[in-house]
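So the structure is just underneath, and the comments pick up after that.
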2 protein chains.
Amino acid sequence: MFAMDEVFKALADASRRSLLDRLHLKNGQTLNELCEGLAMTRQAVTKHLVILEAANLVTAFKHGREKLHYLNPVPIHQIGERWIRKFERGKLTALSELKRQLEKRDE
Amino acid sequence: MFAMDEVFKALADASRRSLLDRLHLKNGQTLNELCEGLAMTRQAVTKHLVILEAANLVTAFKHGREKLHYLNPVPIHQIGERWIRKFERGKLTALSELKRQLEKRDE
DNA sequence: ATAATAGGCAACCAAATGGTTGCATGTCAA
DNA sequence: TTGACATGCAACCATTTGGTTGCCTATTAT
């Protein structure tokens with residue numbers, strides 16, 4: 001089990017989400033590969049990857065002098081299941097209350 | 001349309017997520033109501049609510065001297081639809097690659 | 001009218017964040 | 001074996017973040 005807070009924090013940064021996107025397009029990339037085309041130093045990317053690994057969103061393996069990064073979709077899935085779904089259940093009632101309140105404004 | 005980045009950033013903080021939880025339990029609460037039982041000043045809560053409103057996760061109406069806060073579940077739903085779903089599609093292949101890699105380690 | 005209540009605004013602060021540079025280490029290839 | 005390549009580590013920096021305190025304003029109730 002891993003802390004959902006770390007996952008949310010990791011997802012809060014656009015650079016990190018884009019790294020996940022890149023790994024989604026092509027899994028198992030090296031650090032240098034992931035750096036290509038980014039307006040950031042390699043060290044900055046490393047820091048982001050450390051955070052992603054800590055949140056269990058990415059798992060990395062050393063292969064010789066290279067480090068291969070793999071996407072772990074489980075935490076993302078859990079955010080969807082355990083958190084987002086909860087709010088989707090109340091969705092319609094919440095919206096109708098909102099609507100009612102918006103209309104009340106014009107009285 | 002609202003920026004997904006703001007939504008992710010707003011969701012990154014546990015206090016803010018707990019405010020959303022509270023509104024999910026009971027919609028249309030006042031500022032003071034939302035402050036009850038929290039280890040935070042009213043002003044801190046205000047700041048969080050401002051961020052949640054900016055991200056469109058909460059909509060507020062003034063009613064006399066009170067301010068009523070309503071949950072807007074749409075952005076949360078969109079995170080689920082536009083972002084989380086994308087990663088769930090590649091889930092099985094990503095996991096099998098991970099497994100393959102883990103096994104390769106022991107060679 | 002006046003006191004109590006609900007909220008807003010602004011200045012300030014410590015800690016976290018996202019980034020940098022410089023240098024060190026480990027691995028592969030010529 | 002020696003240079004090039006892939007990555008790691010640490011110090012440093014500016015900005016953002018999450019929080020505080022103090023005071024001001026608007027609305028309601030007595």
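The chains referred to below are lettered A, B, ... by the order of the sequence lines, with proteins before strands, and numbering in each begins at 1.
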Calculate, to the nearest 0.5 Å, the distance between atoms CG and CZ belonging to B:Leu49 and B:Arg42 respectively.
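Those atoms lie 11.5 Å apart.
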Rounded to the Å, how far apart are [X] [atom1] and [N] [atom2]?
{"X": "B:Arg65", "N": "C:dA4", "atom1": "CZ", "atom2": "P", "result": "12 Å"}
{"X": "B:Leu11", "N": "D:dT17", "atom1": "CG", "atom2": "P", "result": "14 Å"}
{"X": "B:Leu49", "N": "D:dT17", "atom1": "CG", "atom2": "P", "result": "17 Å"}
{"X": "A:Asp5", "N": "C:dA16", "atom1": "CG", "atom2": "P", "result": "13 Å"}
{"X": "B:Met40", "N": "D:dG18", "atom1": "CE", "atom2": "P", "result": "11 Å"}
{"X": "A:Arg42", "N": "D:dG8", "atom1": "CZ", "atom2": "P", "result": "8 Å"}
{"X": "B:Glu36", "N": "C:dT5", "atom1": "CD", "atom2": "C1'", "result": "14 Å"}
{"X": "B:Glu66", "N": "C:dG8", "atom1": "CD", "atom2": "P", "result": "12 Å"}

Note to self: Less than 4.0 angstrom from a charged side-chain N to a carboxylate O is my criterion; do B:Asp5 and B:Lys9 meet it?
What the structure shows: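 Yes.
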Would you say [N] has OP1 or OP2 under 4.0 Å from some side-chain N or O of [X]?
{"X": "A:His48", "N": "C:dG19", "result": "yes"}
{"X": "A:Thr41", "N": "C:dG19", "result": "no"}
{"X": "B:Lys9", "N": "D:dT17", "result": "no"}
{"X": "B:Asn32", "N": "C:dG7", "result": "yes"}

field: Near-ring test A:Phe87/B:His77, centroid separation under 6.0 angstrom
entry: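 No - the distance between ring centres of B:His77 and A:Phe87 does not fall below the 6.0 Å cut-off.
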Compare all side-chain heavy atoms of B:Asn27 with those of B:Leu68 and state whether any distance is below 4.5 angstrom. no
For B:Leu31 and A:Asp13, take the nucleotide of DNA chain C holding the closest heavy atom to each; which residue's nucleotide lies nearer the 5' end?
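The residue mapped nearer the 5' terminus is B:Leu31.
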Of A:Gln43 and B:Val45, the one whose closest DNA chain D nucleotide lies more 5':
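Nearer the 5' end of the strand: A:Gln43.
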Touch check for B:Lys47, heavy atoms < 4.0 angstrom, all strands: base, sugar-phosphate only, or nothing?
base
(Q) When you measure from the side chain of B:His69 to the backbone of B:Gly28, do you find a donor-acceptor pair of N or O atoms at a distance under 3.5 Å? (A)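 Flag not set: sc B:His69 to bb B:Gly28 has no pair under 3.5 Å.
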